[in-house]
Amino acid sequence: MMNDTNELQRQILEVIALIPFGKVATYGQIAKLAGLPKHARLVGTVLKNLDEGSQLPWHRVINSQGKVSTINLDENGENRQLKLLKNEGVLLENHKIKLKDYQWIF
DNA sequence: GATCAGGCTCTAA
DNA sequence: ATTAGAGCCTGAT
């Protein structure tokens with residue numbers, strides 16, 4: 001099967017769009033659901049190049065250790081991703097998200 | 001092309 | 001529970 005780069009990206013974005021409110025998914029999980037098992041890092045790259053205008057729930061993507069892997073601070077010096085998650089009721093416990101409770105089960 | 005770095009993950013200690 | 005190291009693949013130099 002021939003996969004164009006943009007095609008891969010599209011598939012990834014599609015899956016991310018499905019993550020429900022109040023839930024999170026890991027990079028690896030997204031890659032897998034998109035049918036691209038070993039592309040966890042690509043997911044990260046795609047999100048990085050994503051601009052803020054995007055309506056995608058990019059903040060619901062975290063790493064397998066239950067941590068957020070970006071720095072992205074707002075004007076108040078707060079991490080945007082954590083803030084957004086907090087707004088959805090996804091809380092931290094010792095700087096980590098309990099995947100056991102919040103991970104999106106497809 | 002060859003190399004390197006990157007919003008990762010698994011596994012072993 | 002952390003963490004270092006090795007894999008993996010893609011995109012940038």
Side-chain angles (χ1 to χ4, degrees):
Chain A
M1 156 104 117
M2 229 322 265
N3 266 314
D4 188 81
T5 298
N6 297 316
E7 180 66 9
L8 296 183
Q9 176 164 325
R10 207 204 84 247
Q11 292 178 224
I12 289 171
L13 297 179
E14 245 174 41
V15 175
I16 294 178
L18 297 177
I19 309 175
F21 183 97
K23 291 291 179 184
V24 298
T26 67
Y27 293 91
Q29 182 183 3
I30 297 299
K32 199 170 184 179
L33 287 174
L36 312 165
K38 316 219 163 128
H39 297 58
R41 302 191 85 145
L42 181 59
V43 174
T45 305
V46 169
L47 288 184
K48 178 182 196 170
N49 301 328
L50 199 61
D51 46 74
E52 345 181 336
S54 176
Q55 306 173 332
L56 216 68
W58 59 274
H59 57 282
R60 301 189 186 136
V61 183
I62 64 180
N63 66 33
S64 66
Q65 301 184 25
K67 293 193 284 192
V68 151
S69 10
T70 77
I71 309 180
N72 192 0
L73 305 170
D74 65 10
E75 55 284 344
N76 301 313
E78 289 185 78
N79 184 304
R80 286 204 163 85
Q81 184 167 12
L82 292 179
K83 201 170 181 178
L84 288 168
L85 288 173
K86 191 176 176 186
N87 289 337
E88 302 192 351
V90 177
L91 305 175
L92 296 179
E93 254 185 43
N94 292 339
H95 293 253
K96 282 203 229 166
I97 290 168
K98 285 172 75 178
L99 287 172
K100 193 168 186 289
D101 294 342
Y102 299 108
Q103 185 166 205
W104 171 40
I105 308 298
F106 182 70

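The figures here come from the full heavy-atom set of this structure, side chains too, leaving out hydrogens, waters and symmetry mates. Source: prediction; values computed, not measured. In what follows, every chain begins at residue 1, and chains take the letters A, B, ... in the order their sequences are listed.
- One interatomic measurement links the two molecules: NZ of A/Lys96 to C1' of C/dT3, which rounds to 11 Å at whole-angstrom precision.
- In this structure, A/Leu47 places its CG atom 13 Å from C1' of B/dG6, rounding to the nearest Å.
- When the P atom of C/dC9 is taken as reference, atom NZ of A/Lys48 falls 20 Å away, rounded to whole Å.
- For the pair A/Ile30 CD1 and B/dG7 P, the interatomic distance rounds to 17 Å; values are reported in whole Å.
- Residue A/Ile12 contributes atom CD1, which lies 10 Å from atom C1' of C/dT10 at whole-angstrom precision.
- Between the CG atom of A/Asn63 and the P atom of B/dC10 there is a distance of 11 Å, given to the nearest Å.
- None of A/Ile19, A/Leu99, A/Val61 except one satisfies the side chain to side chain contact (heavy atoms under 4.5 Å, CB included) rule with A/Val24; the exception is A/Leu99.
- Contact record, A/Arg60 with A/Glu88: NH2-OE2, 2.7 Å, taken as the closest heavy-atom pair.
- Across C/dG11, B/dG7, B/dT9, the shortest atom-to-atom separation from the side chain of A/Leu42 is found for C/dG11.
- The nearest whole Å value for the distance from the CG atom in A/Asn49 to the P atom in B/dG6 is 13 Å.
- Considering only the side chain of A/His39, C/dT10 comes nearest among B/dT9, C/dT10, B/dC8.
- For A/Asn63 against A/Ser69, the heavy-atom pair with the smallest separation is ND2-OG, 3.7 Å.
- The two residues A/Leu91 and A/Tyr102 have their closest heavy-atom pair at N-OH, 3.4 Å.
- The gap from the P atom of C/dG7 to that of B/dG7 amounts to 22 Å, rounded to the nearest Å.
- Taking the nucleotide of DNA chain C with the nearest heavy atom to each of A/Thr45 and A/Arg41, the more 5' of the two is matched to A/Arg41.
- Residue A/Ser64 places at least one side-chain N or O under 4.0 Å from the OP1 or OP2 atom of B/dT9.
- The separation between A/Tyr27 atom OH and C/dT10 atom P is 18 Å, rounded to whole Å.
- Put simply, A/Ser69 has a side-chain N or O that comes within less than 4.0 Å of OP1 or OP2 on B/dC8.
- In this structure C/dT10 sits in a base pair with B/dA5, meeting the Watson-Crick or G-U test at under 3.5 Å.
- Enclosure of atom NZ in A/Lys32 is not indicated, since only 12 or fewer non-hydrogen atoms of other residues, nucleotides or ligands lie within 6.0 angstrom.
- Nearest to the side-chain atoms of A/Lys38 among the listed nucleotides C/dC8, B/dT9, B/dG7 stands C/dC8.
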